[in-house]
Amino acid sequence: FMGNKTEKAELGRATWRFLHTMMARFPENPTPHDRQSLHDFMMLFSRLYPCGECAVHFNKLLETYPPQTSSRLAASQWLCAMHNKVNERVHKPIYDCSDILSKYPCGCDDGEAEDIT
Ligand code: FAD
């Protein structure tokens, strides 16, 4: 149905925005605890994402490409590549990941500019 498709797409857009913004704010030099948190977050996220078909597929992607948590750059590039895998599957254009960090500001007003450069 049309409604279903629209809602699935809206949920997808909002979720991707949140995930990319979270990666753009992940520490440049994460502690072991930061790294574990991101890893666990992504694994739980993929189990609980409320689109069954999407979650099953994303789970398989995570098995093949485990979350990269060693730095902000690694995490944001990894998620960009995962989003591109999904883009491929749903026949969306492939996105250029080269300047991903500047594309997802959070408006947090807490030294974001310094953090992102
Ligand atoms: P979206 O893919 O939602 O992207 C939003 C915006 O992000 C784009 O307009 C672009 O500016 C930017 N962007 C695009 N690619 C990237 C990238 N690689 N890195 C950073 N930014 C980028 N839909 C299905 O039909 N089947 C599925 O199996 C499916 N699996 C999904 C799994 C997950 C984890 C998520 C979050 C969503 C999934 N979706 C799935 C939804 C789908 O990915 C889209 O969100 C939805 O189709 C809306 O697409 P869109 O064209 O608005 O752009």
Counting C-beta onward and ignoring hydrogens, is there a side-chain heavy-atom pair between K85 and Y65 closer than 4.5 Å?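 Yes; the side chains approach each other to less than 4.5 Å.
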Please examine the side chains of V86 and L61, heavy atoms only from C-beta on, and report whether any two atoms are closer than 4.5 Å.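 Yes, close enough: below the 4.5 Å cut-off.
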Please tell me whether [X] and [Y] are part of a single hydrophobic cluster in this structure, the criterion being side-chain heavy atoms less than 4.5 Å apart.
{"X": "I100", "Y": "M22", "result": "no"}
{"X": "V56", "Y": "F58", "result": "no"}
{"X": "L38", "Y": "M82", "result": "yes"}

Test item: [X] side-chain N/O and [Y] main-chain N/O as donor-acceptor pair under 3.5 Å:
{"X": "W78", "Y": "L73", "result": "no"}
{"X": "R72", "Y": "P27", "result": "no"}
{"X": "Q77", "Y": "C97", "result": "yes"}
{"X": "Q68", "Y": "P66", "result": "yes"}
{"X": "N84", "Y": "Y95", "result": "yes"}

Find the distance between [atom1] ([X]) and [atom2] ([Y]) and round it off to the nearest 0.5 Å.
{"X": "L101", "Y": "K103", "atom1": "CG", "atom2": "NZ", "value": "10.0 Å"}
{"X": "L19", "Y": "S76", "atom1": "CG", "atom2": "OG", "value": "12.5 Å"}
{"X": "K92", "Y": "I94", "atom1": "NZ", "atom2": "CD1", "value": "12.0 Å"}
{"X": "T69", "Y": "F41", "atom1": "OG1", "atom2": "CZ", "value": "14.0 Å"}

With E10 as reference, evaluate K8, R13, E7 under the side-chain contact (heavy atoms from CB on, under 4.5 Å) test and give the passing residue.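 So the option named by the test is R13.
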Do you know which two heavy atoms are closest between L62 and M43, and how far apart they sit?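 So the two residues come closest at CD1-SD, 3.8 Å.
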Taking every non-hydrogen atom, the tightest pair across S71 and P30: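 The pair with the smallest heavy-atom distance is CA-CD, 3.9 Å.
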Decide yes or no on side-chain hydrogen bond (donor to acceptor under 3.5 Å, both in side chains) for D40 and Q36, but give the supporting numbers first. CA-CA 6 Å; D40 293 350; Q36 189 68 49; 3.0 Å; yes
Would you please test D34 and T31 for side-chain hydrogen bond (donor to acceptor under 3.5 Å, both in side chains) and show each step? CA-CA 5 Å; D34 292 329; T31 63; 3.1 Å; yes
So, using ring pair (Phe, Tyr, Trp, His ring centres under 6.0 Å) as the criterion, who are the partners of H83 when residues are at least two apart?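 Per chain and number, H83 pairs via ring pair (Phe, Tyr, Trp, His ring centres under 6.0 Å) with W16, H20.
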